[in-house]
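Just so we're on the same page: letters track the sequence lines, and every chain starts at 1. Hydrogens, waters and symmetry mates play no part in the numbers below; they use all other heavy atoms, side chains included.
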2 protein chains.
Amino acid sequence: MPNIGNLDGVPSVAMSTVISIRDLKTHCMTCSMRELCLPVGLEREAMHQLDQLVSERRRFKRGEPIYSAGEPFAALYAIRLGSCKTTVLAEDGREQVAGYHMPGDLLGLDGIGHDRHGCQSIALEDIEVCVLPFGQLEELSHRFPPLQKNLHRVLSREIIRDHNVMLLLGSMRAEERLAVFLLNLSHRYHDRGYSATEFVLRMTREEIGSYLGLKLETVSRLFSRFQQEGLIQVQGRAIKLLDTAALRQLAGQHG
Amino acid sequence: MPNIGNLDGVPSVAMSTVISIRDLKTHCMTCSMRELCLPVGLEREAMHQLDQLVSERRRFKRGEPIYSAGEPFAALYAIRLGSCKTTVLAEDGREQVAGYHMPGDLLGLDGIGHDRHGCQSIALEDIEVCVLPFGQLEELSHRFPPLQKNLHRVLSREIIRDHNVMLLLGSMRAEERLAVFLLNLSHRYHDRGYSATEFVLRMTREEIGSYLGLKLETVSRLFSRFQQEGLIQVQGRAIKLLDTAALRQLAGQHG
DNA sequence: CGACTAGTTGAGGCCAGTCAATGTTGGTGG
DNA sequence: CCACCAACATTGACTGGCCTCAACTAGTCG
């Protein structure tokens with residue numbers, strides 16, 4: 001996945017760079033991610049209104065939070081470029097990765113429930129997001145039923161996704177979890193026009209482990225074993241899937 | 001929690017009994033669960049419209065599905081009485097409990113995403129639900145912004161809930177999981193006007209285990225140990241919490 | 001070049017799973 | 001009403017998968 005350049009030294013709000021959308025002439029209409037994002041299937045007028053709503057985009061550098069737990073909830077964020085992780089924090093400091101996000105994904109859905117973000121999203125690489133003020137989005141979806149429907153779908157799909165993670169964490173063994181993880185990434189890269197068999201992980205072994213409920217050593221060992229068994233080829237974070245059929249078998253057709 | 005009576009021998013649609021809401025004069029307005037359900041804080045007119053929408057209620061007996069995976073999605077279900085479990089099914093037949101639901105809870109949210117139910121909800125005891133046709137609900141929420149907001153909140157809170165389960169499954173040990181589970185039930189019974197310290201489990205050890213990512217023997221052993229340590233008193237499915245402070249400590253303040 | 005982070009690999013331990021035997025409970029029909 | 005049966009639950013002995021601890025390597029950045 002291509003990075004956008006850094007913006008070192010540029011003064012910014014909250015460690016990020018605010019960009020007027022008018023300056024950049026990037027609209028939902030022409031966004032390559034629109035088929036994965038909220039505006040799926042909207043007619044011209046609704047799309048135009050949505051464009052108006054996306055008043056700003058923001059860029060973040062690796063490690064910066066797009067939003068943090070406890071912050072008042074004001075907007076959803078649609079990823080244009082780059083990727084991030086969402087982590088849930090326990091009171092005792094325990095932290096767990098709840099998801100990895102790519103272009104077209106919508107962030108911050110958990111904030112709606114209590115007008116406050118319950119988790120945090122952190123950039124895994126330089127990332128660019130569209131800011132969708134939620135009050136305006138609700139108002140707009142109120143005028144355009146198809147947009148409302150899309151919003152409901154996005155929320156519901158997040159629930160479905162979470163259920164699948166629960167299934168993974170609750171009933172699968174380590175090797176199955178990793179197989180599911182790799183196939184899931186493969187699938188999502190493919191949807192975005194990238195290779196389904198070759199990609200570069202944006203996260204550490206520890207972050208993968210956190211997501212899968214495993215320790216980093218276990219993840220590392222599994223990568224080595226999968227490679228030895230000819231399922232994949234690993235070179236640090238560069239992954240090549242060699243035998244997706246076998247992986248699917250391992251994953252119990254979850255991929 | 002009180003049961004409603006069985007309805008043995010009464011002919012029914014889909015193994016359940018359909019009741020005209022007019023006959024029973026039970027409306028959202030007078031429903032004791034409205035503060036936990038969708039109509040929270042709606043004004044009179046919206047509440048009235050919502051009443052109209054709830055055209056039927058259904059009763060199910062223990063073990064019957066309220067809806068099943070793969071069924072076309074048509075409606076949400078609000079629990080009036082009783083409880084149920086939601087289970088996710090993997091392609092290989094593996095099954096996992098994704099949640100337990102009580103009066104006031106809304107079921108079927110995962111169906112919105114693909115117009116098809118992705119999991120199933122099964123009655124744990126005789127249960128009575130209000131049927132909320134989703135098309136009409138969307139249309140109504142379109143006319144009443146506060147209802148729309150409530151719907152968004154409900155969806156988002158389900159996501160938050162799922163995140164907490166992921167945290168539990170991914171990073172907690174068996175005893176912590178069970179402590180969280182007990183405190184969560186306690187909290188929810190309390191919210192519904194029941195005792196926070198004495199309640200009767202509606203599910204088997206195996207179902208608890210499925211939800212917590214543990215085997216039934218482990219759950220059983222933990223119950224015994226908790227009892228031995230004076231944390232709880234167990235008599236089959238009857239539970240009494242004796243030392244909630246210690247449980248909370250165990251749970252890492254997740255309760 | 002040294003400090004640091006990320007990743008790999010090995011040895012050993014422990015928590016939860018597995019297998020198995022036994023006890024308990026609740027619903028059903030004689 | 002009670003005997004029976006099946007489902008549910010408890011407990012023990014043993015196993016094994018993943019975790020822990022630790023050493024080492026490879027890259028990266030100031």
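- In this model, the phosphate group of D:dT11 is approached by a side-chain N or O of B:Ser224 to a distance below 4.0 Å at OP1 or OP2.
- Where B:Arg221 and B:Glu206 each meet DNA chain D at their nearest nucleotide, the meeting point lying more 5' is that of B:Glu206.
- Rounding to whole angstrom units, CG of residue B:Leu250 and C1' of C:dC15 are separated by 15 Å.
- When rounded to the nearest whole Å, the span between CZ of B:Phe226 and P of D:dT10 equals 13 Å.
- C:dT9 atom C1' lies 14 Å from atom CD of A:Gln227, rounded to whole Å.
- Between the side chain of B:Ser83 and the main chain of B:Met102, no donor-acceptor pair closer than 3.5 Å is present.
- The pair B:Arg58-B:Glu64 does not count as a salt bridge, with every side-chain nitrogen at least 4.0 angstrom from each carboxylate oxygen.
- Using cut-offs of 30° and 60° on the angle between ring planes, the pair B:His117 and B:Tyr67 is parallel.
- Both B:Glu217 and A:Arg173 lie close to DNA chain D; mapped to their nearest nucleotides by heavy-atom distance, the more 5′-ward contact belongs to B:Glu217.
- Atom NZ in B:Lys61 sits about 14 Å away from atom C1' in C:dG27, given to the nearest Å.
- For A:Thr218, counting side-chain heavy atoms from C-beta on, the closest listed nucleotide (D:dC18, D:dG12, C:dG7) is D:dC18.
- In this structure, the CG atom of A:Leu169 is 13 Å from the P atom of D:dC18, given to the nearest Å.
- Between B:Arg205 and D:dT10 there is a side-chain polar atom (N or O) within less than 4.0 angstrom of OP1 or OP2.
- Here the side chain of B:Leu214 is nearest to one of D:dT20, C:dG17, C:dG7, namely C:dG17.
- If you measure from atom CZ of B:Phe223 to atom P of C:dT24, you get 19 Å, rounded to the nearest angstrom.
- Taking atom CG of residue A:Leu124 and atom P of nucleotide C:dT5, one finds them 18 Å apart after rounding to whole Å.
- The residue among B:Arg62 and B:Lys215 whose nearest nucleotide of DNA chain C lies closer to the 5′ end is B:Lys215.
- Backbone-only contact: B:Gly213 has heavy atoms under 4.0 Å from sugar-phosphate atoms and none from a base.
- Nucleic acid contact class of B:Ser220 (heavy atoms, under 4.0 Å, all strands): base.
- Spacing between atom CG of B:Leu222 and atom C1' of D:dA9 amounts to 14 Å, rounded to whole angstrom units.
- Between A:Arg237 and C:dG7 there is a side-chain polar atom (N or O) within less than 4.0 angstrom of OP1 or OP2.
- Just one residue in the list A:Arg202, A:Arg62, A:Arg237 forms a salt bridge (Lys or Arg N to Asp or Glu O under 4.0 Å) with A:Glu125, and that residue is A:Arg202.
- Counting only heavy atoms from C-beta on, B:Leu216 has its side chain closest to D:dT10 among D:dT10, C:dT8, D:dT11.
- Side-chain atoms of A:Thr197 do not come within 3.5 Å of backbone N or O of A:Lys240 as any donor-acceptor pair.
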